[in-house]
Structures are given as structure tokens and as C-alpha cells.
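Read through the structure below, which is laid out as C-alpha cells, and then see the notes.
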Amino acid sequence: MRPNIVVINPDQMRWDYASCYGHPFINTRNIDRLAAMGTRFEYAFASSPMCGPSRTSFLTGKYPNEHGVRQYGGTYNQARPNALRILGNAGYLRGIWGKDHCFKGNVIGSLYDEGEDICIGIMGGHPKYINAWDSTSLEIDSKWNLTKRLTDAGLDFIQRNAKKKKPFFVTLNYQDPHPFFACPEPYSSLFDPEQFDLPPNYRQAAVDGEIKRLTNWRIHSNEINMPQDELKRAMAIYAGQIRYVDDQVGRVLDRLQALDLLDNTIVLFWSDHGEFIGDFGVTHKIPAFYDCLMRVPLILWDPTGRLPRGVHHDKVELMDGMATVLDLCGLRQPPGSHARSVVGASPGRHDIYADAGMLARQPQEPIPGLTLKGAMPPTAFGPGTMLRNDDWKLCLYAEDQGELFDLKSDPYETANRFDDPSVSAIKAEMMQRLMQRMMCQGQMPEALPELDI
């Protein structure tokens, strides 16, 4: 029988808010436990800094330009190629608890055999959510407190299907640590706001070379006036949300171990994108490509032993995680997938591609009087795209200036060198490579292996 699959997917978790990725005091002991058991991908990047596009890329192996999901919620046609159909056709019992955020229509009974597809957005109706950066403690019985309840249902699914003759696939797609920054006790008081330092790239106003969409978001969110003590409070609650998720990871691993399933169950932990949480003086996310939004945790337990354990240092795109899971199960990727399994001698990626943004006009100036709690309409974000290698990152936008960052000397992306003549040759090389990758989208990747797309 093929291995079972358990996927744990917190929403909007930065890579650097886990102990195994270097956070100094968050103490994510269960995420660390999974990393110690299996394979931790040190350099994993999303295909988009937005929820729906990234999740759809994960399940299809296609980039947002190809699959057409450009912003937030799901619009992908269920009948088009995707990993869930492949798993169903292979006989998997499929369950989801949490947000789907990929597909058009009801996914329960079609792509999943059972579950609860629930999305609460930014919790905009919560009475304590006034400013974009606000944070609070939730009552245990609050309707906004989903994470434990979803885990309970997922564990019940695992328990009921543990001894069946068919393998199961279950994904736990948590709201946490997505804003509104809120979680129940004891998590909401685990951390003292004064434990947190403002990031090195923190700023309260635009600087030369800053893209308009970031300037506009800082103003529209009123985070130009965000008190630093309230930002630190949000950072503490965000860390508490992650510890809430971490405890659920422990519950899942404990249950798999108690049912004697770990030896035949793949466990994949990933997040769809990151979170500003103070970088550049803002919170939330927008369709831009800073590492705080693009670099994410990706950890995989492979019971077959085919995947080398320890730390994987080659760059990967998130879609490679799902491709690897399918490979470990002896299944092919969806047709047209650009994802690469890392099982065996597959070469590492030379660079990372991503794109984002609605096909809409971007305001060239802030809209007077507009205040938003999340990056929502009427703030339209036009298309943008990114190419990143070990040393440089290039970002282009349809109606904005470009960005070019020297990642070795400027890891916090504070100095935009797009118009710096001393690096014009590097910019030209990066633009040529970006064009190569974009031109190959919509093609069958296996027909073009020499282009490393």
C-alpha cells in the first residue's frame, strides 16, 4: 500500500519564526522535532506572496501566470490537472480541515472525500480589530479560535482511517498565524513584547527606491502612525500563534506514533507565504517579493528513507515539496507541472521564479482618506514578477519601478540598486534569465530540460 500523507499548513508563517530556522527564543519544539526526524529545507520559496496563488501553485506545479489565480481566494477549475485528483485516482481517502483557498466551488465531495473548508479572512468583524496591526487574546470558545478544533477533526479522520486498506491524505490548513493577530491563552501571553527587537529594515516612511505599492500600503494601513510598542505586541502574539500551531504539530506526531503509523506516513509541514510583521514598518503582506514574504518553512518526514535526512541546502520552490510527496508515493505530477521532486539525483534549482498581483491598475499615489486593515480593494495591486538566485534578486512591476537587491551585502533588502549603473551588467543578465523563465511558462517543462525552468 502507498504511504499515507499528512500535510500541516499554517497560513502566513515566516521561515525565521521557528527555532530550527534560527529564531532565538520561540522554542518551536515540535516543528523542531519533525525537522530532526526528517528533512528541513533551508531555502524554500513561495511561487507568490499571496494565499490563493501560492496554494494553487503548490497543488498544480504551475505559476500564477499559468493557473490564473492571481489574488487571495480560489478560482481554479477543479477539473484541471491538480495533485488532489491524482491522489483520488490512486485510491487515497482525502480530507481537509481549514481553508482550501484554491478551487472554484465546493471541494468537499469532489476533491476531498470529507472535511470542513473554512476561511475567516482577516477576521475583519472582530470587535477588537480596529487597526491593521492590532492584536489580542481570544477566548477559548471564540468562533475565531479554529486551530485546535481543526486538529481534533483531523486526528479523528486519521484514527478512523488508520486500519483501512486504502491510504489516506489529510491536510490541516490553519488560520494561524495569519492576521488579525489573535490566539487563546496560554499562547497569547507566552511572550513579552519587550523580547522583540524591531527589524533592521524597519522604517516609518518611504526611502529612495521604494516601490509605490509598499509606500501606498504603509499609508493606507495607517502604519506610518503605528506605535512601536503595539507593533512589538503584535510580534509577541504572532509568535504565540506559531506556538499554538507548534503544539498541534506535536499532537499529530504523537497520534501517528501511538497508532504505529509513522513508518508508513509522509508528514509535510509548509506555509504558503510569509508576513511583514514589522519589516519595512508594516504588517500583513502585499504582492511584493521581499524575503520576509517569500521565504517559508518547508519540512518533510519521509518514512521510506529515500530522501536524505538533515538539512537540504539547495534552493527549492514550494511546489517542489508536493512534487516530492507524489514521487515518494510512486505518482506522477500533474501535466504541465514545473515542480521538481528532490528525490534522487535531481539537480538543484539555479534560481527561483515567482509572480503576483491582480491584472488591475495600480494607484500611482495613495488614495486620500483611505484606511484599510488588510491589503484589500480599492487598493489594486498590478502584476509583478521576481527572479532570485543566491546573490541577487530582481523584481519587475507593470506600473512601478523595478527592484534589484544585492542579497549578500544587503540581506534585509534596504538598498534598491535597480538604477545603479555599476550593476547594469548584473541587471541585464537577471532580466534575460527572467525572460527565459517567463517564455517557457505554458510549455511542457519536460520538453525543455536544458533551460533549467
- Does a salt bridge link Arg306 with Asp327, judged by any charged N lying under 4.0 Å from a carboxylate O? yes
- Task: Check whether any side-chain N or O of Glu403 sits under 3.5 Å from a backbone N or O of Leu394 as a donor-acceptor pair, and report yes or no.
- Result: no
- Query: Would you call Glu42 and Arg295 a salt bridge, taking side-chain N to carboxylate O under 4.0 Å as the test?
  - Reply: yes
- Do Thr28 and Tyr21 have side chains that get closer than 4.5 Å, going by heavy atoms? no
- Under 3.5 Å donor-acceptor, Asn9 side chain and Leu172 backbone: no
- Task: Determine yes or no for a side-chain-to-main-chain donor-acceptor pair under 3.5 angstrom, with Arg2 supplying the side chain and Cys329 the backbone.
- Result: yes
- Begin with the C-alpha distance, continue with both residues' side-chain angles, and end with the deciding distance and a verdict on side-chain contact (heavy atoms from CB on, under 4.5 Å) for Asp11 and His273. CA-CA 7 Å; Asp11 192 341; His273 53 79; 3.6 Å; yes
- Query: About how many Å separate CG of Leu259 and CG of Leu155, when rounded to the nearest 0.5 Å?
  - Reply: 9.0 Å
- Return yes if a side-chain donor-acceptor contact under 3.5 Å exists between Lys212 and Gln362, otherwise no. no
- Query: Where do His23 and Phe25 land on the ring pair (Phe, Tyr, Trp, His ring centres under 6.0 Å) test, with the steps shown first?
  - Reply: CA-CA 6 Å; His23 196 282; Phe25 56 80; 4.8 Å; yes
- Query: Is the backbone of Val107 close enough, under 3.5 Å, to the side chain of Ser110 for a donor and an acceptor to pair up by distance?
  - Reply: yes
- Phe181 ring center within less than 6.0 Å of Trp133 ring center: no
- Could you please spell out the steps behind the side-chain contact (heavy atoms from CB on, under 4.5 Å) verdict for Asn4 and Ile266? CA-CA 6 Å; Asn4 305 307; Ile266 295 166; over 6 Å; no
- Arg433 and Asn389: side chain donor to acceptor below 3.5 Å: no
- Item | N-O pairing of Asp390 and Lys315 below 4.0 Å | yes
- Pro334 vs Leu326 side-chain heavy atoms within contact, under 4.5 Å: yes
- Please work out whether the ring planes of Phe196 and Phe191 are parallel, tilted or perpendicular, with thresholds of 30° and 60°. perpendicular
- Query: How far does CG of Leu387 sit from CD of Gln432, to the nearest 0.5 angstrom?
  - Reply: 11.5 Å
- Message: Check this for me: does any side-chain nitrogen of one of Asp406 and Lys408 sit under 4.0 Å from a carboxylate oxygen of the other?
- Response: no
- Message: Both conditions, 6.0 Å and 45 degrees, for the charged tip of Lys104 above the ring of Tyr76: are they met here?
- Response: no
- Glu114 with Arg94: basic N within carboxylate O range, under 4.0 Å: no
- Message: One thing to verify: whether Lys99 and Glu116 come together as a salt bridge, which I'm taking to mean a side-chain N less than 4.0 angstrom from a carboxylate O.
- Response: no
- Query: Knowing that exactly one of Phe45, Phe58, Tyr174 qualifies, which makes a ring-ring contact (aromatic ring centres under 6.0 Å, His included) with Trp270?
  - Reply: Phe58
- Query: Would you call Asp291 and Lys393 a salt bridge, using N to O less than 4.0 angstrom?
  - Reply: yes
- Task: Look at the side chain of Ser57 and the backbone N and O of Lys62, then say whether any donor-acceptor pair between them is shorter than 3.5 Å.
- Result: yes
- Verdict with reasoning, Asp355 to Tyr353, per side chain to side chain donor-acceptor pair (under 3.5 Å): CA-CA 7 Å; Asp355 67 69; Tyr353 172 86; 3.0 Å; yes
- Task: Give a yes or no on whether the backbone of Met13 and the side-chain of Ser271 come within a donor-acceptor separation of less than 3.5 Å.
- Result: yes
- Task: Evaluate whether atom CZ of Arg29 has more than 12 neighbouring non-hydrogen atoms of other residues, nucleotides or ligands under 6.0 angstrom away.
- Result: no
- Message: Before you tell me yes or no, could you show the steps for Asp117 and Tyr112 under side chain to side chain donor-acceptor pair (under 3.5 Å), namely the whole-Å CA-CA distance, both residues' side-chain angles and the distance that decides it to 0.1 Å?
- Response: CA-CA 10 Å; Asp117 177 9; Tyr112 295 96; over 6 Å; no
- Query: Where is the tightest heavy-atom contact between Met235 and Asp197, given as atom of each residue plus distance?
  - Reply: CE-O, 3.4 Å
- Message: Ring-plane angle category for His284 and Trp217, please: parallel below 30°, perpendicular beyond 60°, tilted otherwise.
- Response: perpendicular
- CG on Leu293 to CZ on Phe276, rounded to 0.5 Å: 4.5 Å
- Message: Within this structure, what is the CH2-CG distance for the pair Trp301 and Leu34, rounded to the nearest 0.5 Å?
- Response: 9.0 Å
- Task: Give me the ring orientation class for Tyr238 and Tyr17: parallel if the planes are under 30° apart, tilted from 30 to 60°, perpendicular past 60°.
- Result: perpendicular
- Message: Can a side-chain donor-acceptor contact be found between Glu275 and Gln12 if the only test is distance below 3.5 angstrom?
- Response: yes
- Message: Does this structure show an ion pair linking Asp320 with Arg340, if we count only N-O contacts that are shorter than 4.0 Å?
- Response: no
- Distance-only, no hydrogens or angles: does the Arg85 side chain make a donor-acceptor pair with backbone N or O of Arg80 under 3.5 Å? no
- Item | Donor-acceptor contact below 3.5 Å, side chain Arg40 vs main chain Arg309 | no
- Message: Give me the atom names and distance for the closest heavy-atom approach of Pro64 to Val69.
- Response: CB-O, 3.8 Å
- Does the pair Asp351/Arg437 count as a salt bridge with the N-to-O cut at 4.0 Å? yes
- Taking atom types as modelled, find out whether Thr414 and Asn201 have a side-chain donor-acceptor pair closer than 3.5 angstrom. no
- May I have the step-by-step check of side chain to side chain donor-acceptor pair (under 3.5 Å) for Glu223 and Thr283, ending in yes or no? CA-CA 8 Å; Glu223 289 178 323; Thr283 61; 2.4 Å; yes
- Any donor-acceptor N/O pair, Thr385 side chain to Ala354 backbone, under 3.5 Å: yes
- Query: To the nearest 0.5 Å, how far apart are CG in Asp100 and CD1 in Ile118?
  - Reply: 13.0 Å
- Looking at Lys427 and Glu429, does any basic side-chain N land under 4.0 Å from a carboxylate oxygen? no
- N-O pairing of Arg14 and Asp279 below 4.0 Å: yes
- Message: Less than 4.0 angstrom from a charged side-chain N to a carboxylate O is my criterion; do Asp152 and Arg251 meet it?
- Response: yes
- Query: Taking all non-hydrogen atoms of both residues, which atom of Ser337 and which atom of Gly61 are closest, and how far apart?
  - Reply: OG-CA, 3.4 Å
- Task: Tell me, with the steps shown, if Phe280 and Tyr202 meet ring pair (Phe, Tyr, Trp, His ring centres under 6.0 Å).
- Result: CA-CA 4 Å; Phe280 308 103; Tyr202 174 82; over 10 Å; no
- Nearest heavy atoms of Leu300 and Gly321, plus distance in Å: CD1-O, 4.2 Å
- Using the ring of each side chain (for Trp, its six-membered ring), is His338 parallel, tilted or perpendicular to Tyr63, with breaks at 30° and 60°? tilted
- Flag yes if more than 12 heavy atoms outside Tyr412 fall under 6.0 Å of its OH atom; otherwise flag no. no
- Message: Lys232 vs Leu198, test: side-chain contact (heavy atoms from CB on, under 4.5 Å). Steps then yes/no.
- Response: CA-CA 8 Å; Lys232 289 184 176 184; Leu198 297 179; 4.3 Å; yes
- Item | CA sep, side-chain torsions, deciding dist, call: Tyr92, Asn161, side chain to side chain donor-acceptor pair (under 3.5 Å) | CA-CA 11 Å; Tyr92 276 81; Asn161 292 293; over 6 Å; no
- Can a salt bridge be assigned to the pair Arg349 and Asp314 using a cut-off of 4.0 Å between side-chain N and carboxylate O? no
